[in-house]
Amino acid sequence: MMSIPVLLITQDDSLWQHWRKINAQSWAPARGHNLSDLDRWRQHGRSLVILDRQLPKLPDWDDPQWKKHFHDLQIVIASIRPNDHEASRTFTAGSSGYLHAYSPIPVLESALQSVSAGSVWMGRSLVNRILQEIDRRLKPGQESKGQAWADSLTLREKEVAQRAAVGRSNQEIADELGITERTVRAHMTAIFEKLGVADRLTLALKVHGISAN
């Protein structure tokens with residue numbers, strides 16, 4: 001399998017040393033120092049990027065410049081002080097992911113795999129906030145209008161899916177249903193496989209009958 005090129009933009013040498021530990025058999029890291037490197041990366045027909053949030057003189061997330069910067073690129077924003085509010089703003093601006101700059105290497109690689117496959121990468125707390133907001137905004141009974149999504153699930157799997165879709169954690173689901181967290185994880189794996197989804201956000205959209213396209 002050919003390694004996937006990924007541009008790592010940072011002026012912090014210690015952060016660069018951390019990022020470059022990603023598996024060389026899966027990824028081909030190249031270093032960038034400024035936003036101008038995005039144009040060069042795009043011109044070479046490449047798209048995957050991790051961008052250091054602490055890069056000097058970055059535009060505000062509301063700045064129209066980001067539309068140009070994010071165009072045709074899959075950019076993960078990495079912050080040493082991540083928070084859900086900023087994460088939401090980066091996604092609105094057009095980013096494909098948001099994480100802690102010093103995330104463990106397996107997490108960085110998972111994020112890169114997810115984003116390169118066309119998904120987004122975000123923290124669990126932000127996912128839960130989005131799921132709760134989706135649930136809050138739906139009209140009462142809207143979810144029950146279309147139950148076809150659950151046809152392939154067992155009754156227990158449906159109960160787990162419905163709770164996951166409104167932002168419950170695995171432990172909360174386990175406590176509510178009187179089962180172990182390990183059992184919840186097993187159910188979630190089965191649910192993802194049966195419904196053809198890769199994450200809780202996509203699961204929530206399917207449960208609530210909202211198109212992800």
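When reading the values below, keep in mind they use all heavy atoms of this one structure, side chains included, and skip hydrogens, waters and symmetry mates.
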Heavy atoms of other groups near His33 NE2, more than 12 under 6.0 Å:
yes
Any carboxylate oxygen within less than 4.0 angstrom of a Lys/Arg side-chain nitrogen, looking at Arg163 and Glu176?
yes
Pairing residues for [X] by the salt bridge (charged side-chain N to carboxylate O under 4.0 Å, His left out) criterion, not counting sequence neighbours:
X      : answer
Asp72  : none
Arg156 : Glu159
Glu109 : none
Lys194 : Glu157

If you look at every heavy atom in [X] and [Y], which pair is closest and at what distance?
X      : Y      : answer
Val207 : Ala161 : CG2-O, 4.3 Å
Ala28  : Ser3   : CB-OG, 3.6 Å
Arg89  : Asp62  : NH2-OD2, 3.1 Å
Tyr98  : Ser79  : OH-CB, 3.8 Å
Leu15  : Ala101 : CD1-O, 3.5 Å

Using the side chain to side chain donor-acceptor pair (under 3.5 Å) criterion, which residues pair with [X]? Sequence neighbours excluded.
X      : value
Arg20  : none
Gln11  : Asn34
Thr180 : Thr183
Asp63  : Gln65

Any pair with a residue in residues 43-58 that passes side chain to side chain donor-acceptor pair (under 3.5 Å), sequence neighbours left out, goes on the list, sorted by first then second residue, please.
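Every pair satisfying side chain to side chain donor-acceptor pair (under 3.5 Å) with a residue in residues 43-58: Thr10-Asp52, Ser47-Gln74, Arg53-Glu86.
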Is it true that Tyr102 and Ser14 share a donor-acceptor pair across their side chains at a distance under 3.5 Å?
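Yes.
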Would you find a donor on one side and an acceptor on the other, under 3.5 Å apart, between the side chain of Glu193 and the backbone of Ala190?
no
Backbone of Gly94 reached by a side-chain donor or acceptor of His69 within 3.5 Å:
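It does not hold such a pair.
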[X] vs [Y] side-chain heavy atoms within contact, under 4.5 Å:
X      : Y      : value
Val115 : Val120 : no
Val184 : Gln171 : no
Val49  : Val76  : no
Trp27  : Leu48  : yes
Ile9   : Leu38  : yes
Leu203 : Phe192 : yes
Ile22  : Pro29  : yes

Separation between [atom1] of [X] and [atom2] of [Y], rounded to the nearest 0.5 Å:
X      : Y      : atom1 : atom2 : answer
Ile50  : Ser96  : CD1   : OG    : 12.0 Å
Gln113 : Leu108 : CD    : CG    : 11.0 Å
Glu181 : Met188 : CD    : CE    : 11.5 Å
Ser114 : Met122 : OG    : CE    : 9.5 Å
Thr154 : Ile191 : OG1   : CD1   : 7.5 Å
Gln162 : Ile173 : CD    : CD1   : 10.5 Å

Verdict with reasoning, Ser110 to Trp121, per side chain to side chain contact (heavy atoms under 4.5 Å, CB included):
CA-CA 9 Å; Ser110 293; Trp121 183 271; 3.7 Å; yes
Could you list the residues that satisfy side-chain contact (heavy atoms from CB on, under 4.5 Å) with Ala30, not counting sequence neighbours?
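Testing Ala30 for side-chain contact (heavy atoms from CB on, under 4.5 Å), a comparison that skips the adjacent residues, returns Leu7, Trp41.
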Should [X] and [Y] be counted in the same cluster of Ile, Leu, Val, Met, Phe, Trp and Tyr side chains packed under 4.5 Å apart?
X      : Y     : value
Leu112 : Leu73 : no
Leu8   : Ile75 : no
Leu99  : Leu51 : no

Going by salt bridge (charged side-chain N to carboxylate O under 4.0 Å, His left out), name the pairs with one or both residues in residues 29-38, residues two or more places apart or in two chains.
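Checked against salt bridge (charged side-chain N to carboxylate O under 4.0 Å, His left out) - neighbours excluded - the pairs reaching residues 29-38 are Asp13-Arg31, Asp37-Arg40.
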Can you list every pair that meets salt bridge (charged side-chain N to carboxylate O under 4.0 Å, His left out) and has a residue in residues 96-105, with sequence neighbours left out?
none
Using 30° and 60° as the class boundaries, would you call the ring planes of Phe70 and Trp66 parallel, tilted or perpendicular?
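Ring orientation, 0 to 90° scale: parallel.
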Given the rule in the side chain to side chain contact (heavy atoms under 4.5 Å, CB included) test, do Asn170 and Arg182 qualify, once you have shown the distances and angles that lead to the verdict?
CA-CA 9 Å; Asn170 285 353; Arg182 181 177 180 180; over 6 Å; no
Derivation of the side chain to side chain contact (heavy atoms under 4.5 Å, CB included) call for Ile4 and Ser26
CA-CA 6 Å; Ile4 299 174; Ser26 300; over 6 Å; no
